[in-house]
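Take a look at the structure below.
Small disclaimer: the values here were computed from a predicted structure and weren't measured.
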Amino acid sequence: MSSPPVTGPATVPEHRGGPGPARFRPRRTPPAGAVRPSRRGVLSHWRQYLAISPFFLIFIAFSFFPVFYSLYLAFQRYDGLGTKQFVGLQQFEFLWNDPVFWLSIRNTLVIWVLSTVPTLFGALVLATLLHSVRRFKGFYRIALYVPNVTSIVAVAIFFGAVFSNNFGLVNAILGTVGISPVPWLSNPWLIKLVIALLMTWMWTGYNMIIYLAGLQAIPTSIYEAAKMDGAGPVRTFFQITIPIMRPIILFTVIISTINGLQSFSEPQVLFASNAANQNLGGPGQAGLTTLLYFYQSAFLNNDYGYGAAIVWAFFVLIMVLVAINWRLVQRGRKA
C-alpha cells in the first residue's frame, strides 16, 4: 500500500546564503505610457537655469558685487584714480568725529519723522474712507496713486516753484490775505518741512493702496457685529480696524523707515546741488541728508573710501531703527 499523503505547509526553497525561507516580491512594472523620472538632478534643467541666468548675472555684477566692494573700500583711502591705501578703521574714526556727518543724521531723522508719521496715518484714513465709498472708487484710487508714479525730479521742481520765497504760489496766496512772505526755502526748519511734505505727497497713495487691500480682506460681519453692539465709527476704527491691520501696518512702517531714511533726490533737486554748488542741502545745510553727504564725499570730493564708510555706518543705523519700529509695533500684539 502507498503511504498517506503528507499534509502541512509546502516546502519552500532556501536561500543559498543561509537557511530560512526565501521571500519573493512581485516586480512592479510601470504602467504603459509612463515616463520614468530623470535622475540627472540639476543638469536635467539646464535650459531653465540658462533662461533665468541673465537676471542673476546682472544682480551679481551690479548689486551683489558693489555691496561687498564698498565694504572693502571703507577700509581704504582711494580717490578713484590712484592706488588704494589700507587705513584700517581710520575712516570710521574720522566719521565719528565729523560734525557734518552728525548734522546729516539729525536732518535725516527729522525729515523722516515729519514725513513718515503723517504719511502712514493719512494713508490709513484715506484707505478707510475709500473703502466705504460706493461710486467712483476706481477714479479715487488712480488719483491718489498718481503722485507715486510721477518722476521725483518733476515733483521736486514743482514743490520748489510752489514754495519759492519770492515768487512761490503759497506766498502769493498768503499775500492776498495780508500775510507776509514765509521763507520756506531759507529757514532751517521750514526746509525740512517742505522736504517732508514732498515725501508725504509722493508716498501716501502707495501706502493707501496697501491698506485698502488689507481692509477689503476683513469680513464685513465683524463691522456689522460692532455696529449692533453700539460701536461708532471712531471706536470701530481704533479697536477693530487697527488691531486687525497690525501686520500690514508693520510692513508699511518698515518699508517707510527704509525709504524715508534714504531721501536724496528731494533736497538735491530743490537746492540745485551740483559740483559748482558745494553748499549741499540749502542754506546752513538744513536739508543735507546722509545720502546727500555721501554723494558729496564720494563723487564731488573724490573720497570713495570715506563715502563707503558713510553708507555702511548709515546702513547700521537703518537696521537699528527698523528693529526698534518692529518692537514698537509688535508690543501691542503680544498683550
Side-chain angles (χ1 to χ4, degrees), residues 111-159 161-163 169-170 172-174 176-177 193-260 263 265-266 325-326 328-335:
I111 294 172
W112 167 64
V113 172
L114 291 176
S115 61
T116 302
V117 174
T119 295
L120 296 182
F121 182 76
L124 187 58
V125 172
L126 288 176
T128 305
L129 295 176
L130 186 58
H131 184 60
S132 60
V133 170
R134 298 293 182 181
R135 302 176 62 183
F136 305 109
K137 184 175 293 188
F139 170 76
Y140 292 130
R141 290 179 185 176
I142 296 174
L144 293 172
Y145 190 72
V146 162
N148 184 253
V149 298
T150 308
S151 171
I152 190 171
V153 176
V155 174
I157 293 175
F158 172 76
F159 268 72
V162 170
F163 290 95
L169 178 62
V170 175
I173 296 174
L174 294 177
T176 58
V177 295
L193 180 61
V194 170
I195 298 174
L197 287 174
L198 192 159
M199 298 172 64
T200 301
W201 190 76
M202 287 201 64
W203 290 100
T204 300
Y206 170 82
N207 292 284
M208 184 270 300
I209 292 295
I210 297 177
Y211 289 150
L212 182 61
L215 289 173
Q216 291 176 346
I218 300 177
T220 56
S221 58
I222 298 178
Y223 292 106
E224 294 174 357
K227 188 176 181 180
M228 293 179 62
D229 292 339
V234 178
R235 185 178 179 183
T236 302
F237 178 77
F238 285 100
Q239 294 189 3
I240 295 179
T241 303
I242 292 182
I244 295 177
M245 294 279 292
R246 189 179 298 274
I248 301 177
I249 294 174
L250 175 61
F251 169 77
T252 56
V253 166
I254 294 176
I255 296 299
S256 298
T257 300
I258 297 173
N259 291 332
S263 55
S265 300
E266 298 89 348
N325 286 331
W326 177 282
L328 289 177
V329 177
Q330 289 287 84
R331 180 183 297 177
R333 190 176 183 180
K334 298 179 180 179

Could you tell me which non-hydrogen atom of [X] sits nearest to which non-hydrogen atom of [Y], and how far apart they are?
X      : Y      : answer
Gly214 : Ile248 : CA-CD1, 3.4 Å
Trp112 : Ser256 : NE1-O, 3.8 Å
Ala123 : Thr204 : CB-O, 3.5 Å
Gly232 : Thr236 : O-OG1, 2.7 Å
Met202 : Thr150 : CE-O, 3.7 Å
Asn259 : Met199 : O-CE, 4.5 Å

Roughly how far apart are [X] [atom1] and [Y] [atom2], rounded to 0.5 Å?
X      : Y      : atom1 : atom2 : answer
Leu130 : Leu212 : CG    : CG    : 5.0 Å
Phe136 : Ile142 : CZ    : CD1   : 13.0 Å
Thr119 : Leu114 : OG1   : CG    : 10.5 Å
Asn148 : Trp201 : CG    : CH2   : 10.0 Å
Glu224 : Ile222 : CD    : CD1   : 10.5 Å
Met245 : Leu124 : CE    : CG    : 6.0 Å

Indicate the ring-plane relationship of Phe159 and Phe163, choosing parallel, tilted or perpendicular according to the 30° and 60° boundaries.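 Geometry flag for Phe163 against Phe159: parallel rings.
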Check: [X] side chain, [Y] main-chain N or O, donor-acceptor pair, under 3.5 Å:
X      : Y      : value
Thr116 : Val113 : no
Ser132 : Leu129 : yes
Thr176 : Ile173 : yes

Distance only, no hydrogens: is a donor on one side chain within 3.5 Å (strictly under) of an acceptor on the other, for Asn207 and Thr252?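 No donor-acceptor contact under 3.5 Å links the two side chains.
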Do Tyr223 and Thr241 have a side chain donor and acceptor closer than 3.5 Å?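 Yes, because at least one side-chain N or O of Tyr223 sits under 3.5 Å from a partner of the opposite role on Thr241.
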Close side-chain approach of Leu250 and Ile254, heavy atoms under 4.5 Å: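 A side-chain contact under 4.5 Å exists here.
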Does Phe237 CZ have over 12 foreign heavy atoms under 6.0 Å away?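 It does: Phe237 CZ has more than 12 such atoms within range.
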If you count heavy atoms of other groups shown closer than 6.0 angstrom to NZ of Lys137, is the number above 12?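 Atom NZ in Lys137 is crowded, with more than 12 foreign heavy atoms closer than 6.0 Å.
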Applying side chain to side chain contact (heavy atoms under 4.5 Å, CB included) between Tyr211 and each of Leu126, Leu120, Thr128, report the one that passes. Leu120
